[in-house]
Number of protein chains: 2
Amino acid sequence: MASVKRKPGPAELLVLEDFLPYRLSVLSNRVSGAIAARYAKAFALSIPEWRVIAVLGRRPGLTATEVAEATEMDKVAVSRAVARLVAAKRVAAQADARDARRQRLTLTREGESVHARIAPMALESEQRLLSALTVRERADLNALLDRLLIAARNL
Amino acid sequence: MASVKRKPGPAELLVLEDFLPYRLSVLSNRVSGAIAARYAKAFALSIPEWRVIAVLGRRPGLTATEVAEATEMDKVAVSRAVARLVAAKRVAAQADARDARRQRLTLTREGESVHARIAPMALESEQRLLSALTVRERADLNALLDRLLIAARNL
DNA sequence: TGGATTTAGTTTCATCTGCAACCAATGGCA
DNA sequence: TGCCATTGGTTGCAGATGAAACTAAATCCA
């Protein structure tokens, strides 16, 4: 009530550089950008395509819808990524016997090869980033991210 | 050497859901998406526009290039966001007296008003997200993000 | 059965994005 | 001074993106 300081107002409180959503966006862009640049050049692969390959590498036979769920991409993005990968003979699609609408997706031999070569690159980049943290801090980070991911889902 | 288990191979090691760049991307998208949805509806404002307003609110008189540095957006994005904001009479641009190429950017009264109304909304969303964490954890998170942001810059 | 509803996936369209080319003003320097 | 390189900012174009409409197949249920 007796405060003589100039009124704070909302502007004072919101500092973009300290704003968590902004910081997350910058970090994510830097990381994804750096990694994507590496394999975009080496393999002519976009981020959506790379995600599809990553998930099919571990879980062959998923349908496009399942891939969309697993990667949190929307189905249009998956549809297009799959179309490009099929055109490039990196992914094979065969209709499900029971449901002709579904396409069972698998990596071709070529797709497997891409996967086998990119995965180590990606993991190496991740390690490079994580090398800024101690083992303990990495565990803390993962725990925090788990909780933030859940909280963010309910925003 | 005597291992009988099937060979691990790179595929086994890369689990998309545990891959830090992927997790950051999902988290950032969820958070930004949720917040952007709120003010996009309320104020017809895109994320780039909102960032420009946020930074000009605290630091009036920046040039477009300076805004680009402050927001980590590229100059094309800033140029277009500023053009829209000027058209909407939310930002005023006046040529720098010393250098006719530069535009000194400031919020108009209308722009200030938008800023004053959005900032609390944004901060409230941030708080909602952070309410999943203890005060101590928030500090840890920020420290970790600081270091990751630096590490990511040198990727 | 046979329509009405739901689901899988694609296409369309309108918008967004970013690189590269560009224009204009400035600064460097011979 | 006058030319060249640099910088601030915009524009053109080509590819990416997402919502909504659409096609086709499967399921529901009277």
Side-chain angles (χ1 to χ4, degrees), chain A residues 25-26 28-30 32-37 39-41 43-52 55-56 61-88 91-106, chain B residues 25-26 28-30 32-37 39-41 44-52 55-56 59 61-88 91-106:
Chain A
S25 170
V26 170
S28 175
N29 287 342
R30 281 188 194 168
S32 291
I35 298 182
Y39 57 67
K41 302 248 176 197
F43 299 99
L45 211 62
S46 69
I47 290 182
E49 285 164 32
W50 143 243
R51 286 186 178 178
V52 170
V55 89
L56 289 181
L62 293 188
T63 65
T65 300
E66 290 163 344
V67 169
E69 283 162 11
T71 56
E72 300 228 1
M73 302 195 290
D74 77 51
K75 63 180 188 166
V76 176
V78 172
S79 172
R80 289 197 259 242
V82 167
R84 281 191 298 265
L85 289 168
V86 168
V91 164
Q94 67 169 2
D96 184 300
R98 302 199 176 157
D99 185 338
R101 292 170 306 180
R102 298 182 180 210
Q103 305 267 321
R104 294 284 157 196
L105 303 171
T106 49
Chain B
S25 171
V26 170
S28 175
N29 287 343
R30 283 188 192 167
S32 291
I35 297 181
Y39 57 66
K41 303 248 174 196
L45 210 62
S46 68
I47 290 182
E49 286 164 34
W50 143 243
R51 286 185 179 177
V52 170
V55 89
L56 289 180
R59 303 168 59 191
L62 294 187
T63 64
T65 300
E66 289 162 345
V67 170
E69 284 162 9
T71 56
E72 299 229 2
M73 302 194 292
D74 78 51
K75 62 179 188 167
V76 176
V78 172
S79 173
R80 289 198 259 242
V82 167
R84 281 192 297 266
L85 289 168
V86 168
V91 163
Q94 66 169 4
D96 185 299
R98 303 202 176 155
D99 185 339
R101 292 169 305 180
R102 298 181 181 212
Q103 304 267 321
R104 294 284 157 197
L105 303 171
T106 49

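Just so it is clear, the model here is predicted, and its values are computed rather than measured. Chain letters run A, B, ... following the sequence lines, proteins first and then strands; every chain starts at 1.
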What is the per-nucleotide protein-contact pattern of nucleotides 23-28 of chain C, from the 5' end, where B denotes a base atom under 4.0 Å from a protein heavy atom, S denotes such proximity for sugar-phosphate atoms only, and - denotes neither?
-BBS--
Show me the protein contacts with nucleotides 2-4 of chain C, counting only N or O atoms at under 3.5 Å.
none

Pull out every protein N or O sitting under 3.5 Å from an N or O of nucleotides 10-15 of chain D, one pair per line with the distance.
unit_1: D/dT10; atom_1: OP2; unit_2: B/Ser79; atom_2: OG; d: 2.5
unit_1: D/dT10; atom_1: O5'; unit_2: B/Ser79; atom_2: OG; d: 3.4

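Atom CZ in B/Arg102 sits about 17 Å away from atom P in D/dT6, given to the nearest Å. In this structure, CG of B/Leu45 is placed 18 Å from P of C/dT15, rounded to the nearest angstrom. Across the protein-nucleic acid pair, A/Arg104 atom CZ and C/dG9 atom C1' stand 14 Å apart, rounded to whole Å. One atom, CG of A/Asp96, and another, P of D/dA26, lie 9 Å apart when rounded to the nearest Å. Rounded to an integer number of Å, the gap from A/Arg84 CZ to C/dT11 P is 13 Å.
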List the steps and the verdict of side-chain contact (heavy atoms from CB on, under 4.5 Å) for B/Leu85 and B/Trp50.
CA-CA 10 Å; B/Leu85 289 168; B/Trp50 143 243; over 6 Å; no
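In this structure A/Arg104 satisfies the salt bridge (Lys or Arg N to Asp or Glu O under 4.0 Å) test together with A/Glu66, A/Asp96, sequence neighbours excluded. Residues that satisfy the ring-ring contact (aromatic ring centres under 6.0 Å, His included) test with A/Phe43, not counting sequence neighbours, are absent from this structure. Taking A/Ala68 as the reference, A/Val78 meet the side-chain contact (heavy atoms from CB on, under 4.5 Å) condition, with sequence neighbours excluded. Not counting sequence neighbours, the partners of A/Arg101 by the side chain to side chain donor-acceptor pair (under 3.5 Å) test are A/Asp99. The side-chain contact (heavy atoms from CB on, under 4.5 Å) check on A/Arg84 picks up A/Ser46, A/Glu49, A/Arg80, A/Ala81, with sequence neighbours excluded. Residues meeting the side-chain contact (heavy atoms from CB on, under 4.5 Å) test with B/Asn29, sequence neighbours left out: B/Ser25. Applying the side chain to side chain donor-acceptor pair (under 3.5 Å) test to A/Gln94 and every residue at least two apart in sequence or in another chain returns nothing.
By the 4.5 Å heavy-atom criterion applied to side chains, B/Thr106 and B/Leu56 are not counted as neighbours. Looking at B/Leu105 and B/Leu62, their side chains never come closer than 4.5 Å, going by heavy atoms from C-beta outward. B/Thr63 has its side chain out of reach of B/Gln103: every pair of non-hydrogen atoms, C-beta onward, lies at least 4.5 Å apart. Under the 4.5 Å side-chain criterion, counting only non-hydrogen atoms from C-beta, A/Met73 is in contact with A/Val52.
Bending across the helix from C/dT1-D/dA30 to C/dA30-D/dT1, expressed as the angle between its end axes from five pairs apiece, amounts to 10° (10° rounding).
A/Val67 approaches A/Thr71 most closely through the heavy-atom pair O-OG1, 2.7 Å. Here the closest heavy-atom approach between residue A/Tyr39 and residue A/Ile47 is recorded as OH-CG1, 3.6 Å.
In this structure, A/Ser79 contributes its side chain and A/Lys75 its backbone to no donor-acceptor pair below 3.5 Å.
In summary, A/Arg51 and A/Glu72 do not engage in a salt bridge, as defined by a charged side-chain N under 4.0 Å from a carboxylate O.
Within the 4.0 angstrom heavy-atom criterion, no nucleotide atom of any strand lies near B/Ser46.
At D/dG9, one or more side-chain N or O atoms of B/Thr65 fall inside 4.0 Å of OP1 or OP2 (strictly under the cut-off).
Residues from residues 66-74 of chain B lying near DNA chain D, meaning a heavy-atom separation below 4.0 Å, are absent.
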